[in-house]
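What follows is a short report on a single structure.
For the numbers below, each heavy atom of this structure counts, side chains included, while hydrogens, waters and symmetry mates do not. Per chain, numbering begins at 1; letters A, B, ... match sequence-line order.
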Number of protein chains: 2
Amino acid sequence: MDKKLSKAQRTRQFIIETTAPIFNVKGYEGTSMSDITEATGLTKGSIYGNFENKEEVALAAFDHNYGIIKKAITEEIARCRSYQEKLMVYANVYHSFNGHSEFIKGGCPILNTAVEADDTNPPLRGKAASAIQSWRNAIMNLIKAGAASGEFKSDIDLERTALSVIALIEGGVMLSKVTHNHANLDQVLKTVAIIINELKA
Amino acid sequence: MDKKLSKAQRTRQFIIETTAPIFNVKGYEGTSMSDITEATGLTKGSIYGNFENKEEVALAAFDHNYGIIKKAITEEIARCRSYQEKLMVYANVYHSFNGHSEFIKGGCPILNTAVEADDTNPPLRGKAASAIQSWRNAIMNLIKAGAASGEFKSDIDLERTALSVIALIEGGVMLSKVTHNHANLDQVLKTVAIIINELKA
DNA sequence: ATATTTATATACTAAATGGTATATTTACAT
DNA sequence: ATGTAAATATACCATTTAGTATATAAATAT
């Protein structure tokens, strides 16, 4: 009934925000309860009072990290006028995963979660899979809208294009992070730009 | 001096071969010493008699997994006559990471190691980075040779093409593994095929 | 065959793990 | 201001962690 959050709600949010970057850097297995208590300054009692277990913290942390990206992308897309520009937002946002800006510590949480959890943690894997699915659909819808508006061709292989853009971006993030060479992502994003430009009618 | 391996050498090899798929599925942090002793049927004394620590087992396991892929690719490339076919080997081998065949359990070890280790384990990260670098160079050399032979155009952006092919393949593997949908990799590999076909003179 | 090196097993750390029961403190409605 | 409920801390649990010292067994060179 209140607009103000309860103490517990605020603590829960504080735990999520504090641990989200830790999970994204160290992974689910690599992050321990003591990492969580140390980073938050809270005790186990406090953590387990707000979360069922470590996994629930990790799931909430993923949602938080994913939410940050989703929000940034949605806002940026809204600012673009052409569909070509809207599509390029994905490349530009993921561009900022590297180098100075680094607006999410540890890189893309979808990639990190997908690769760690695919064979080991069904709930986390499910969240990453949903994020991918929603991203795929968003790209396909943008291309469809662009085609309907006349900006894009009408015979585009929607799914292949969407999945290829995602694969390029995530693969590029992986490449640049593992080689510590930001230019590797730049190169791959050039290909993304070319693919998007080729959609034009 | 012997052609036959010593008992320790054989045990070491046995440990590597037995644990390599475990590390590739569960990751470095997710794999415990008891996973290793249980899978091998050996005791800790035996493991630590042949390896300095868990990390050294993981590093050897990565080399082993990587060696399997490298060997398969090298042999297949040797069988191809055209450079276009040679380049397509990468896509075809990684195609078999999914579905029935699954010749390496857990997917691509380069991707798995890169994503887990990039921010946390320098030695493992280094091995993954070297693998990427060698892969990039191999693709660039194939394109160069294809251009020299007249099969490919001469104005190809070598590095961008090589990195984009790698990003597509690794991103595609991630997509299909996280969604449990093998068709997602197929779609992305179609784009790889298109890129390679566009290299032709 | 035996001495000696090499490899493996046993039994053990100390520390860290995720998790819990209970005590204490804090927030908040009355 | 106070009683009560909610939130947090304390102290603990059993288990598992990576790793080690030492004993035993097996391989190998002589």
Side-chain angles (χ1 to χ4, degrees), chain A residues 1-20 22-62 113 116-117 120-125, chain B residues 1-20 22-62 113 116-117 120-125:
Chain A
M1 306 107 186
D2 296 319
K3 61 191 300 184
K4 206 189 179 193
L5 297 91
S6 75
K7 187 78 202 300
Q9 284 172 311
R10 274 179 286 133
T11 303
R12 191 185 156 91
Q13 193 57 28
F14 169 70
I15 294 168
I16 292 170
E17 284 168 15
T18 310
T19 60
I22 301 174
F23 277 110
N24 202 42
V25 168
K26 304 181 96 172
Y28 176 68
E29 288 289 340
T31 301
S32 68
M33 285 308 299
S34 46
D35 285 330
I36 296 173
T37 53
E38 274 170 39
T40 55
L42 297 169
T43 58
K44 283 202 190 183
S46 181
I47 307 294
Y48 279 94
N50 290 287
F51 295 90
E52 179 112 6
N53 49 33
K54 178 182 143 184
E55 185 175 88
E56 202 193 303
V57 185
L59 291 168
F62 175 85
T113 303
E116 178 177 10
T120 55
N121 192 314
L124 270 175
R125 191 216 113 243
Chain B
M1 308 110 189
D2 296 317
K3 63 191 297 184
K4 206 189 177 190
L5 297 91
S6 74
K7 187 75 207 297
Q9 284 173 311
R10 273 179 286 132
T11 303
R12 189 185 156 91
Q13 193 56 27
F14 169 70
I15 293 168
I16 292 170
E17 284 169 16
T18 310
T19 59
I22 301 174
F23 276 110
N24 202 43
V25 168
K26 306 179 96 174
Y28 176 69
E29 288 290 340
T31 302
S32 67
M33 284 309 298
S34 46
D35 287 329
I36 295 173
T37 53
E38 272 170 39
T40 56
L42 296 168
T43 57
K44 284 203 187 181
S46 182
I47 308 294
Y48 280 95
N50 290 285
F51 294 89
E52 179 112 5
N53 49 35
K54 178 181 143 184
E55 184 175 88
E56 201 193 302
V57 185
L59 291 168
F62 175 85
T113 304
E116 177 177 10
T120 56
N121 191 314
L124 270 175
R125 192 217 113 242

Report task. Verify the contact: side-chain N or O of Asn50(A) to OP1 or OP2 of dA7(D), cut-off strictly under 4.0 Å; return yes or no. Result -> no
Requested in this report: Have a look at Leu42(A) and say if it touches a base, only the backbone sugar-phosphate, or nothing, with a 4.0 Å heavy-atom cut-off.
Outcome: sugar-phosphate
Query raised in the report: With distance as the sole criterion, is a donor-acceptor pair present between the side chains of Glu29(A) and Asn121(A) under 3.5 Å?
Result: no
Query raised in the report: How many Å lie between CD1 on Ile47(A) and P on dT10(D), as a whole number?
Result: 13 Å
Query raised in the report: Reading nucleotides 10-21 of chain C from the 5' end, what letters show protein touch, with B for base, S for backbone sugar-phosphate only, - for no heavy atom under 4.0 Å?
Result: B------SBBB-
Query raised in the report: Rounded to the nearest Å, what distance is computed from the CZ atom of residue Arg12(A) to the P atom of nucleotide dA6(D)?
Result: 17 Å
Requested in this report: Any chance you could lay out the side chain to side chain contact (heavy atoms under 4.5 Å, CB included) test for Phe51(B) and Ile16(B), step after step, and finish with the verdict?
Outcome: CA-CA 10 Å; Phe51(B) 294 89; Ile16(B) 292 170; 3.7 Å; yes
Query raised in the report: Given atom CZ of Phe14(B) and atom P of dT8(C), what is their separation to the nearest angstrom?
Result: 10 Å
Requested in this report: Grab the two heavy atoms, one from Arg12(A) and one from Asn50(A), that are nearest each other, plus how far apart they are.
Outcome: NH1-O, 3.0 Å
**Report entry** Short side-chain to backbone donor-acceptor contact, Lys26(A) and Ser32(A), under 3.5 Å
**Finding:** no
Query raised in the report: Does NZ or CZ of Lys54(A) lie under 6.0 Å from the centre of the six-membered ring of Tyr28(A), at an angle within 45° of the ring axis?
Result: yes
Under 3.5 Å, side-chain donor or acceptor atoms of residues 38-45 of chain A against the rest of the protein: list the pairs with distances, not counting sequence neighbours.
{"unit_1": "Thr40(A)", "atom_1": "OG1", "unit_2": "Ile36(A)", "atom_2": "O", "d": "2.7"}
{"unit_1": "Thr40(A)", "atom_1": "OG1", "unit_2": "Thr37(A)", "atom_2": "O", "d": "3.3"}
{"unit_1": "Thr40(A)", "atom_1": "OG1", "unit_2": "Leu42(A)", "atom_2": "N", "d": "3.2"}

**Report entry** Base paired to dT30(D) (Watson-Crick or G-U; both N/O distances under 3.5 angstrom)
**Finding:** dA1(C)
Report task. Take the protein atom CD1 of Ile15(B) and the nucleotide atom P of dT8(C), then report the distance between them rounded to whole Å. Result -> 7 Å
